[in-house]
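Quick notes on the structure that follows.
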Protein chains: 2
Amino acid sequence: MLSTTKMKRSLPDAKLDAVFHALGDRTRRALLARLADGPAMVTELAEPFRMSLPAVSRHIRVLEKARLVARNVDGRVHRCSLRAEPLAGIQQWLNHYRHFWEGTLDSLVAYVEHSKHE
Amino acid sequence: MLSTTKMKRSLPDAKLDAVFHALGDRTRRALLARLADGPAMVTELAEPFRMSLPAVSRHIRVLEKARLVARNVDGRVHRCSLRAEPLAGIQQWLNHYRHFWEGTLDSLVAYVEHSKHE
DNA sequence: GTAATATTTAACAATATTGTTTAATATCTA
DNA sequence: TAGATATTAAACAATATTGTTAAATATTAC
């Protein structure tokens, strides 16, 4: 059984603020979607967008502050990668509300089981 | 099986923008938490906060725009209630990333099964 | 060493957000 | 009708966000 000390608690407000704020911009969500396919350098990340490189650079910074993106500097190249932990955090937050849109836990199980078969 | 036409697609960018933005403020999240316990009028909702009533009123408006709150006007009283559909929408969005923080679909099933037994 | 490349910083401008206080509106109540 | 109640609207101020362009930095390549 789950001990009290091991029970995950919700992210603190400040973290939720940062993560939800970071996700509240479609450019940043697109960056995350790109990073879901694997790490990329800043220039690569910026390429698909109409906006300037500095603009994208700062979007990346916002994602970094929310810890949704990690950066590994190698020479002049900054390689960015997705960090999904904060998403697990908002998943937990969401769980408090799940029963409002899903009938029962069983329906979730059914949903997941189903999605395994495509 | 799921037909293509019945497959849920992700919320459009504009909706995700609105929902994530609405959730990116701790006051608004607290309002939602309160509404999870049942509908409430604006004054009730505002009572726990240090800020002015008009300020809370506008937070509610933001939640309404994101369709996270519905309002039922009855005389001079506006009764607000939680609308969780947009949360299901961000749940769907999250699902695209779930495999980054959970091992496999099986582990999710195990998790949910487990949580049924406390 | 000079030039090209990768990225950030700086300096601005345009908007958006958020909170305040003071009306304005509408609805009950006595 | 007069006053209390519930709520929004208006007008502001402070700050934050987001994008631009023009440097500044650091690193690699020739």
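The structure displayed is predicted, hence computed values, not measured ones. Quick note: numbers below take in every heavy atom, side chains included, and nothing from hydrogens, waters or symmetry partners. All chains are named by letter (A, B, ...) in the order of the sequence lines, taking the proteins before the strands, and each is independently numbered beginning at 1.
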Verify same cluster id: A/Leu94, B/Tyr97 (apolar side-chain graph, 4.5 Å): yes

Crowded around A/Arg79 CZ? As in, over 12 foreign heavy atoms under 6.0 Å? yes

Inter- and intrachain pairs under ring pair (Phe, Tyr, Trp, His ring centres under 6.0 Å), touching residues 15-55 of chain A, at least two apart: A/Phe20-A/Trp93

Using only side-chain N and O atoms of A/Ser57, determine if any of them is under 4.0 Å from OP1 or OP2 of C/dT7. no

For the side chain of B/Arg28 and the backbone of B/His59, is there at least one donor-acceptor N/O pair under 3.5 Å apart? no

Residue pair B/Leu31 / B/Val69, side-chain heavy-atom distance below 4.5 Å: no

Could you tell me how far apart A/Arg61 (CZ) and C/dT9 (C1') are, to the nearest whole angstrom? 10 Å

In terms of side-chain heavy atoms of A/Ala55, which of D/dT20, D/dT7, C/dT8 is nearest? D/dT20

Check side-chain hydrogen bond (donor to acceptor under 3.5 Å, both in side chains) between B/Glu47 and all other residues, then give those that pass, not counting sequence neighbours. none

How many Å lie between CZ on B/Arg71 and C1' on D/dT7, as a whole number? 8 Å

Does a side-chain N or O from B/Ser52 land closer than 4.0 Å to OP1 or OP2 of C/dT20, or not? yes

Pull out every protein N or O sitting under 3.5 Å from an N or O of nucleotides 25-30 of chain C, one pair per line with the distance.
unit_1, atom_1, unit_2, atom_2, d
C/dT27, O2, B/Arg76, NH1, 3.1

A/Leu35 side chain reached by A/Leu45 side chain, heavy atoms, under 4.5 Å: yes

Rounded to whole Å, the CZ-C1' distance (A/Arg50 to D/dT20) equals 15 Å

Distance in angstrom units between A/Asn72 CG and C/dA6 P, rounded: 17 Å

Treating primed atoms plus P, OP1 and OP2 as sugar-phosphate and everything else as base, which nucleotides of nucleotides 13-18 of chain D get B, S or - for protein heavy atoms under 4.0 Å? ----SB

Scan residues 31-44 of chain A against DNA chain D and write down, sorted by residue number, each residue with any heavy atom closer than 4.0 Å; if none is found, say none. none

In whole angstroms, how far is the P atom of C/dT8 from the CG atom of A/Leu53? 7 Å

How many Å lie between NE2 on A/His78 and C1' on C/dT5, as a whole number? 12 Å

In terms of hydrophobic clustering (I, L, V, M, F, W, Y; side-chain heavy atoms under 4.5 Å; direct or indirect links), are B/Val19 and B/Val62 co-clustered? no

Applying salt bridge (Lys or Arg N to Asp or Glu O under 4.0 Å), can you list everything that pairs with B/Asp25, at least two apart in sequence or on another chain? none

Min side-chain heavy-atom separation A/Arg71-A/Ile60 under 4.5 Å: yes

For the pair B/Arg34 (side chain) and B/Glu44 (backbone), establish whether a donor and an acceptor sit closer than 3.5 Å, ignoring hydrogens and angles. no

